[in-house]
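Inspection log for the structure reproduced underneath, given as structure tokens.
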Protein chains: 2
Amino acid sequence: MADLIYRKVLHDLKDRIQNDQFKNQRLPDERSLSEHYGVSRSSIKRALSVLANQGIIFKKRGSGTFINPLYRKNDSIFHYEGSNLGITDSFKSDNQTPSIKLLNFSVVPATEELQQELFLEPGDFVYDIKRLRLFDDQPFMIEQGYIPIKIAPELSAKIVSESIFNYLEEQQGKVVTKSFMSIQAAPSTDEDQKLLNLKPIEPVGLMEGIFFLDDGTPFEVSNMRLHYKYLQYNTFVSLDEE
Amino acid sequence: MADLIYRKVLHDLKDRIQNDQFKNQRLPDERSLSEHYGVSRSSIKRALSVLANQGIIFKKRGSGTFINPLYRKNDSIFHYEGSNLGITDSFKSDNQTPSIKLLNFSVVPATEELQQELFLEPGDFVYDIKRLRLFDDQPFMIEQGYIPIKIAPELSAKIVSESIFNYLEEQQGKVVTKSFMSIQAAPSTDEDQKLLNLKPIEPVGLMEGIFFLDDGTPFEVSNMRLHYKYLQYNTFVSLDEE
DNA sequence: GAGTGGTCTAGACCACACA
DNA sequence: GTGTGGTCTAGACCACTCC
């Protein structure tokens with residue numbers, strides 16, 4: 001996986017951008033990069049297009065490829081990138097330690113809505129998992145999720161107290177690579193205020209989503225309520241390929 | 001633009017998917033499609049990858065290409081799609097009429113921050129445009145934007161009281177095709193409460209972004225404060241090419 | 001083994017920016 | 001005109017799934 005050519009180029013370029021190794025916020029032209037890395041121009045283009053989709057660079061036909069001046073400017077403590085999926089990996093890792101407090105772990109019949117969202121049959125069961133996520137003892141997110149037992153029949157309280165995605169990937173070879181997400185804001189409820197240490201006037205950010213495995217199987221329906229200071233969703237939108 | 005090969009294939013495939021012309025939620029294999037359309041397999045792959053990025057199809061190596069059964073309309077009243085850019089076009093049009101109340105329209109020197117974000121020189125000026133957006137007399141968004149005068153020297157109070165993007169596209173042939181957006185939630189300020197008819201405990205959604213023209217030129221820096229009920233940002237995230 | 005998507009190459013030609 | 005990114009082709013070989 002990591003030995004793909006375009007990925008190696010991608011990572012190297014990303015490093016060099018982050019280390020500020022390009023003058024004038026500008027990258028070398030594609031043909032030079034092709035020669036420099038000893039790969040075809042197509043592979044360079046592929047790496048560059050990933051960076052462009054992530055909003056890290058943008059390309060001007062006829063002029064060159066430039067670093068987005070907004071990149072790295074958004075340095076809030078936490079953020080959820082449009083190009084990240086798992087929560088555990090979404091933190092600015094810095095010096096703080098993420099942890100999880102398990103609030104509920106049970107098995108319930110799938111509602112009709114869940115049946116539709118997770119491709120289940122009537123009578124199928126799901127795990128009902130409610131977790132509080134903290135960062136150095138500061139709670140920032142209440143996360144309620146539903147996962148079909150037939151997809152992950154061996155889940156345990158211990159596992160869900162850690163990273164479910166990491167468990168799946170490392171132990172089961174199942175990789176979560178896609179999600180539909182919906183983001184909203186809302187006043188905090190009493191429970192939000194209690195669990196997240198919020199004042200009544202302080203709101204929460206809502207992120208609802210369905211996560212999919214590699215092969216397109218819907219894997220989890222999740223409802224997340226975030227302390228408002230800890231929601232920053234960055235996304236780069238392009239209509240180029242509509 | 002519309003005569004690009006991969007776009008023609010893309011639109012044709014999208015139509016055929018929406019008209020349910022593929023059996024078993026499955027598309028023909030890439031080599032057959034290549035032959036069918038009389039184009040190279042690379043062009044087919046490009047069209048398919050756009051559809052995959054939009055969450056419409058997913059590909060299973062070794063098996064084939066399948067239609068995402070979850071592909072369907074999201075039917076909340078307002079929403080801002082990860083694949084929409086302009087505000088005016090982001091409403092479910094229904095029976096309600098969007099309107100704009102101009103709160104401020106002036107020209108000011110670009111701050112250092114704006115100079116960097118909009119690629120300006122010291123001494124350059126920007127329009128400072130503050131607008132209140134309504135939907136059938138119900139205000140839902142305060143929008144504050146900065147646009148370099150040298151990009152749109154002919155802006156007028158009349159124009160900015162309507163859709164700036166539409167004006168640019170129809171009158172100037174400049175198309176906004178990219179944006180870098182950051183979404184957050186925050187308690188409402190006194191001004192928010194007054195302009196958006198919010199109670200003190202009701203929050204706002206923040207959307208900050210830079211909009212880019214077709215050619216990569218940064219065109220507008222915008223700060224939007226939305227009535228919390230009117231922010232729903234939907235997005236499809238894929239890690240395939242991280 | 002046959003079929004399918006994934007990666008990569010080498011090169012042609014086009015469209016646009018800038019001097 | 002030169003340089004840059006954009007599109008497209010034809011074909012090779014790899015990796016995975018399913019029979």
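All values reported here derive from a predicted model rather than from experimental measurement. In what follows, chains are A, B, ... by sequence order, proteins preceding strands, each numbered from 1.
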Would you say [X] reaches [N]'s phosphate, i.e. side-chain N/O to OP1/OP2 under 4.0 Å?
{"X": "Ser43(B)", "N": "dT9(D)", "result": "yes"}
{"X": "Ser63(B)", "N": "dT17(D)", "result": "no"}
{"X": "Arg31(A)", "N": "dG3(D)", "result": "no"}
{"X": "Lys45(A)", "N": "dG6(D)", "result": "yes"}
{"X": "Thr65(B)", "N": "dG5(C)", "result": "yes"}

Mapping Ile44(A) and Leu27(B) to their closest nucleotides on DNA chain C, which lands nearer the 5' end?
Leu27(B)
Closest-nucleotide 5' rank along DNA chain C - winner of Gly62(A) and Ser42(A)
Ser42(A)
Atom pair distance, as rounded to whole Å: [atom1] in [X] and [atom2] in [N]:
{"X": "Leu4(A)", "N": "dA15(D)", "atom1": "CG", "atom2": "C1'", "result": "11 Å"}
{"X": "Glu35(B)", "N": "dT9(D)", "atom1": "CD", "atom2": "P", "result": "14 Å"}
{"X": "Leu48(A)", "N": "dG6(D)", "atom1": "CG", "atom2": "P", "result": "8 Å"}
{"X": "Tyr37(B)", "N": "dC8(D)", "atom1": "OH", "atom2": "P", "result": "14 Å"}
{"X": "Arg46(A)", "N": "dT9(C)", "atom1": "CZ", "atom2": "P", "result": "11 Å"}
{"X": "Phe66(A)", "N": "dA17(C)", "atom1": "CZ", "atom2": "P", "result": "12 Å"}
{"X": "Leu10(B)", "N": "dT7(D)", "atom1": "CG", "atom2": "P", "result": "13 Å"}
{"X": "Ile5(B)", "N": "dT7(D)", "atom1": "CD1", "atom2": "C1'", "result": "8 Å"}

Between dT4(C), dG5(C), dG5(D), spot the one nearest the side chain of Lys59(B), thanks.
dG5(C)
If you check every side-chain atom of Glu30(B), which of dG5(C), dA12(C), dC8(C) has the closest atom?
dG5(C)
Using Watson-Crick geometry (N1-N3 plus N6-O4 or O6-N4) or G-U wobble (N1-O2, O6-N3), each under 3.5 Å, dA19(C) is paired with none
Distance-minimising heavy-atom pair for Leu48(B) and Ile57(B):
O-CD1, 3.4 Å
Heavy-atom nearest nucleotide on DNA chain D taken for Gly38(B) and for Arg26(A); more 5' hit belongs to Arg26(A)
So, do Tyr127(A) and Phe105(A) have ring centers that fall under 6.0 Å from each other?
yes
Return yes if the base of dG6(C) and the side-chain atoms of Arg41(B) contain a donor-acceptor N/O pair under 3.5 Å, otherwise no.
yes
State plainly whether the residues Arg16(B) and Asp12(B) are in salt-bridge range, i.e. N to O under 4.0 Å.
yes
Would you call Glu30(B)-Lys45(B) a salt bridge at under 4.0 Å N-O?
yes
Answer yes or no: is there a donor N or O on one side and an acceptor on the other, between the side chain of Ser43(B) and the main chain of Tyr6(B), under 3.5 Å?
no
